[in-house]
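This structure is a prediction, so every number in the text was calculated from the model and none was measured. Proteins get letters first, then strands, A, B, ... in listed order; numbering begins at 1 in each.
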4 protein chains.
Amino acid sequence: MEHYILTLRCRDQPGIVRSLAEGIVQAKGNITESAQFSDPPTGLFCMRVSFESPEQGLDAIAGLVSGATSRFRPVLTLRRESSRRRVLVMVSRFDHCLRDLLYRWDVGELPADLRLVVSNHETCRPLAERYGLPYRHIPVTAATKPEAERRLLELVAEHRIDVVVLARYMQVLSDDLCRRMQGRVINIHHSFLPGFKGARPYHQAYERGVKLIGATAHFVTPDLDEGPIIEQDVARVGHAHSPEQLVAIGRDVERLVLARAVRLYAEDRVLLAGARTVVFG
Amino acid sequence: MEHYILTLRCRDQPGIVRSLAEGIVQAKGNITESAQFSDPPTGLFCMRVSFESPEQGLDAIAGLVSGATSRFRPVLTLRRESSRRRVLVMVSRFDHCLRDLLYRWDVGELPADLRLVVSNHETCRPLAERYGLPYRHIPVTAATKPEAERRLLELVAEHRIDVVVLARYMQVLSDDLCRRMQGRVINIHHSFLPGFKGARPYHQAYERGVKLIGATAHFVTPDLDEGPIIEQDVARVGHAHSPEQLVAIGRDVERLVLARAVRLYAEDRVLLAGARTVVFG
Amino acid sequence: MEHYILTLRCRDQPGIVRSLAEGIVQAKGNITESAQFSDPPTGLFCMRVSFESPEQGLDAIAGLVSGATSRFRPVLTLRRESSRRRVLVMVSRFDHCLRDLLYRWDVGELPADLRLVVSNHETCRPLAERYGLPYRHIPVTAATKPEAERRLLELVAEHRIDVVVLARYMQVLSDDLCRRMQGRVINIHHSFLPGFKGARPYHQAYERGVKLIGATAHFVTPDLDEGPIIEQDVARVGHAHSPEQLVAIGRDVERLVLARAVRLYAEDRVLLAGARTVVFG
Amino acid sequence: MEHYILTLRCRDQPGIVRSLAEGIVQAKGNITESAQFSDPPTGLFCMRVSFESPEQGLDAIAGLVSGATSRFRPVLTLRRESSRRRVLVMVSRFDHCLRDLLYRWDVGELPADLRLVVSNHETCRPLAERYGLPYRHIPVTAATKPEAERRLLELVAEHRIDVVVLARYMQVLSDDLCRRMQGRVINIHHSFLPGFKGARPYHQAYERGVKLIGATAHFVTPDLDEGPIIEQDVARVGHAHSPEQLVAIGRDVERLVLARAVRLYAEDRVLLAGARTVVFG
């Protein structure tokens with residue numbers, strides 16, 4: 001028995017689930033997990049199904065499912081569960097998120113295929129290489145940014161990357177890159193969005209005197225820190241914490257939130273619905 | 001369009017989802033929410049489906065679904081979403097859980113049908129009656145317990161009660177009653193089970209010096225505080241909290257946990273699988 | 001032995017704690033709880049001390065403490081613990097926060113002295129009167145607002161109110177009133193500030209697709225939703241929650257956060273330090 | 001100005017704070033943080049004070065403080081804040097807690113002095129040595145346990161270790177060692193004590209069907225998993241999590257809880273009061 005993961009998005013209308021179930025029946029599939037959602041603001045229907053099937057051919061199964069659901073014109077994805085999502089991690093100098101992802105991947109907690117690390121600094125090279133990952137240093141200045149992004153896109157193509165994870169990568173991506181990679185770049189922002197967008201959020205949080213600080217994993221869009229949110233969490237703080245202590249406390253929140261978001265993405269549990277995400281957790 | 005909620009439990013085997021989907025198709029149903037789980041320890045397959053259908057007859061739909069799945073010999077439940085679960089609440093002197101349930105019910109947060117309140121004291125009568133609920137005072141002593149439980153079962157039958165909620169009811173139910181009402185009596189225990197079973201759990205927690213206290217909503221079984229857990233939560237405490245302060249902090253945890261458990265039950269989201277629950281939250 | 005609560009604020013400098021301790025020694029006081037904080041941004045030193053003393057006279061003790069610390073020109077407060085803070089609660093139509101405060105006060109959880117309820121509606125009158133509290137209906141329109149605020153200030157004076165609690169009071173107070181009552185008006189805002197200021201925060205949260213919603217208790221200042229934060233908390237939500245469900249989930253967060261903030265204030269644990277609060281929890 | 005940390009424990013009685021303040025005044029000290037607690041069950045008074053003083057001599061200050069408080073016969077500790085607590089970490093094969101402690105220490109989050117790592121396996125040697133820490137392999141069998149513990153005590157003496165941290169060390173310490181090192185050995189147990197003592201707590205949690213799993217950092221005593229609790233936390237789980245997934249989720253809870261406990265200890269914030277701890281967080 002092979003295990004498959006399927007996602008479907010289309011305009012909501014009657015009969016979608018029935019047709020999809022019929023396609024899976026034709027593929028001799030047995031559904032092991034199923035989740036669906038009709039999103040009122042967008043009118044989108046989103047679904048994720050795991051199933052097992054004795055059929056060997058991915059294309060054959062895809063054909064049956066597509067045929068059964070074609071009248072709904074869905075956006076479909078289908079993959080073997082064993083064909084893991086391919087991940088490129090970008091990092092600058094702070095290494096706590098990268099370190100956390102590498103550890104989880106190494107112990108088998110993260111069902112993804114980490115392929116390489118790209119950075120505008122050399123700082124994290126030993127860390128990446130200790131885990132056997134290639135490390136590409138691509139410095140970025142205002143002048144070289146277009147060229148740097150070209151190289152990044154080449155690496156994405158060359159390594160057939162599914163998702164780019166910005167694990168505290170401190171450069172802003174160009175609007176053009178954001179649009180080309182829409183829904184395929186995950187960032188960790190070190191605040192509880194929409195509060196404290198932009199630079200130095202922990203210092204902003206300190207000045208505002210909040211009693212909880214947070215972190216937000218979101219898809220990157222041309223509007224900085226405005227992309228669809230995948231996951232968030234918070235930690236309790238108080239008046240006695242200095243900005244530096246907020247930074248330290250925040251590291252734990254950031255790495256937990258980013259790791260959860262990457263795992264959700266790696267399991268095809270995150271679907272885009274307009275400015276929001278549907279997360280089948 | 002009428003909305004229906006269906007649950008199914010049977011021995012796990014291939015083809016169940018497919019057959020059930022076929023039955024719903026025959027009933028012209030469109031699935032709006034679906035969740036399923038195969039429980040390894042028991043080998044049970046559990047499923048909950050919400051669907052809408054233009055069919056008027058509950059019996060007709062039930063017939064189609066039963067027919068399509070009969071070879072799996074499932075335990076099926078099917079009801080109109082508008083036919084709410086009927087609830088009997090039992091309480092002793094502490095009124096915070098009862099008060100909370102009544103409030104949520106009154107503002108429309110709790111999709112259940114509260115029918116009456118039974119108590120071994122008169123304390124909470126004004127509260128229940130303010131919400132227009134009948135209040136039955138059934139005193140309990142060692143001698144009168146069998147008679148008291150007989151009257152309770154009469155009320156359950158008379159009011160066609162689906163679930164009895166022990167909202168800080170301080171009497172232990174007899175083994176016989178627990179067995180007869182298996183899976184239909186929810187208790188709130190004022191500790192994070194399996195810690196601090198039995199009497200005075202906040203005082204036990206104080207003596208042990210725990211840094212979090214909790215509450216547990218569980219089905220009642222003949223083994224005291226050992227029944228399948230439905231929901232739990234905790235609150236942070238410290239060395240400076242007296243047992244009385246733990247009691248006060250615990251009240252908030254208890255009422256939140258019990259309210260969540262009752263809502264989950266009222267939406268048919270809680271299925272029994274051996275000593276554990278499957279909760280389709 | 002009488003119990004006293006003292007707070008002190010002044011410019012930070014060496015020797016304050018020592019002098020204060022000396023004053024308490026002279027008053028034959030024994031310190032039972034002590035907390036202090038030097039706030040870097042403002043240069044303020046804040047302190048809260050509980051002590052017991054056999055001295056009968058509040059004025060005598062105040063004189064000794066003032067004398068011992070006079071060279072620091074502190075802002076001092078001193079009261080018997082048994083002289084509780086006097087509270088006026090304002091409410092509009094939503095009653096969950098008022099109901100929660102009344103309940104906690106009634107069971108003895110809230111060490112404050114609730115004196116009266118003021119509302120721009122008649123909705124909550126039966127609730128307040130059930131707890132034996134006077135209820136004043138002061139309707140507010142654009143035209144009558146100055147007169148309404150005059151009546152409010154009269155009630156504050158007449159009842160010697162320490163703090164006004166806006167328990168989902170939906171009118172904006174005038175800048176002038178905010179300034180006159182600085183540090184004495186607590187509001188509950190139904191979002192995790194600084195996110196989602198202003199109207200309909202749960203609908204804003206829904207549209208932004210956040211994964212946690214929150215509530216914030218803060219002092220009221222002329223800048224709407226910008227006052228010093230006293231307490232915050234959050235609850236987890238998901239894509240499937242409608243705005244109405246966020247409102248329902250939010251009710252629990254609001255009432256817990258507001259109750260904590262009022263309790264902290266009632267125990268003199270909240271000191272203002274510029275735009276932030278120092279909370280000796 | 002030098003910074004000092006002082007703790008004091010003695011039988012509760014009037015005048016202790018006053019006398020201690022007097023001693024600090026004599027040492028020209030200025031108190032920067034102060035916390036105290038009278039523990040009802042034991043009758044113990046516990047206090048922790050941070051202060052700065054221009055005095056150079058630790059012994060001189062200790063003499064003044066001892067003199068001022070001698071009639072209370074307190075257990076006093078006094079150290080320069082810069083003389084950090086010396087830590088020996090013990091580990092078996094699972095490295096997540098050790099890794100976490102090393103990282104926090106390396107980035108300056110953990111104000112302690114990690115001195116060496118001791119293990120009954122060779123597994124974690126590369127990790128420890130990457131951080132420049134000596135690693136001692138002390139295998140343990142039933143026969144060699146007394147000898148192994150002798151070597152451990154030698155290392156404790158030789159390196160002037162303040163606290164031994166069992167970072168998932170899977171051997172049970174002898175009663176004798178527990179008694180000799182009372183209050184100086186911190187263990188992380190992978191359950192929310194007092195639930196699920198002993199072996200395989202995640203499997204126990206799975207079988208019981210709890211909805212939250214937890215971890216507990218506690219002092220080690222001859223009664224296994226019964227020592228005074230320092231810190232606890234939990235994470236939400238559900239019916240669909242396998243025991244292996246509970247283990248993975250638990251790793252995050254364990255490392256956070258242990259790191260907090262070690263930091264609290266390293267800052268002299270944990271005082272023993274009978275079977276409980278007083279934690280000045």
Residues of residues 24-51 of chain B with a heavy atom under 4.5 Å from any heavy atom of chain A, in residue-number order, are Val25(B), Lys28(B), Gly29(B), Asn30(B), Ile31(B), Thr32(B), Glu33(B), Ser34(B), Ala35(B), Gln36(B)

Among residues 256-281 of chain B, those lying within the under-4.5 Å heavy-atom range of chain A are none

The complete set of side-chain hydrogen bond (donor to acceptor under 3.5 Å, both in side chains) pairs with one or both residues in residues 58-72 of chain B, sequence neighbours excluded, reads none

How long is the span from the [atom1] atom in [X] to the [atom2] atom in [Y], to the nearest 0.5 Å?
X         : Y         : atom1 : atom2 : answer
Arg85(A)  : Arg184(A) : CZ    : CZ    : 9.5 Å
Leu114(A) : Arg84(A)  : CG    : CZ    : 10.5 Å
Ile229(A) : His218(A) : CD1   : NE2   : 8.0 Å

Nearest non-hydrogen partners of [X] and [Y], listed with the distance:
X         : Y         : result
Ser53(B)  : Ile61(B)  : OG-CD1, 3.9 Å
Phe192(A) : Asp233(A) : CD1-O, 4.4 Å
Thr216(A) : Ser191(A) : OG1-O, 2.7 Å

Using the rule given for side-chain contact (heavy atoms from CB on, under 4.5 Å), can you reason through Arg208(A) versus His203(A), listing the C-alpha separation, both sets of side-chain angles and the distance that settles it, and then say yes or no? CA-CA 9 Å; Arg208(A) 184 62 185 90; His203(A) 291 76; over 6 Å; no

Quick one: are [X] and [Y] in side-chain contact, heavy atoms under 4.5 Å?
X         : Y         : value
Pro243(A) : Tyr202(A) : no
Ile249(B) : Val237(B) : yes
His190(A) : Arg168(A) : yes

Review point. Do other residues, nucleotides or ligands put more than 12 heavy atoms under 6.0 Å from Phe94(A) CZ?
Key: no

Any chance CZ of Arg80(B) has more than 12 other-residue heavy atoms, nucleotides or ligands included, within less than 6.0 Å? yes

Residues of residues 1-23 of chain A with a heavy atom under 4.5 Å from any heavy atom of chain B, in residue-number order, are Gln13(A), Pro14(A), Gly15(A), Ile16(A), Val17(A), Arg18(A), Ala21(A), Glu22(A)

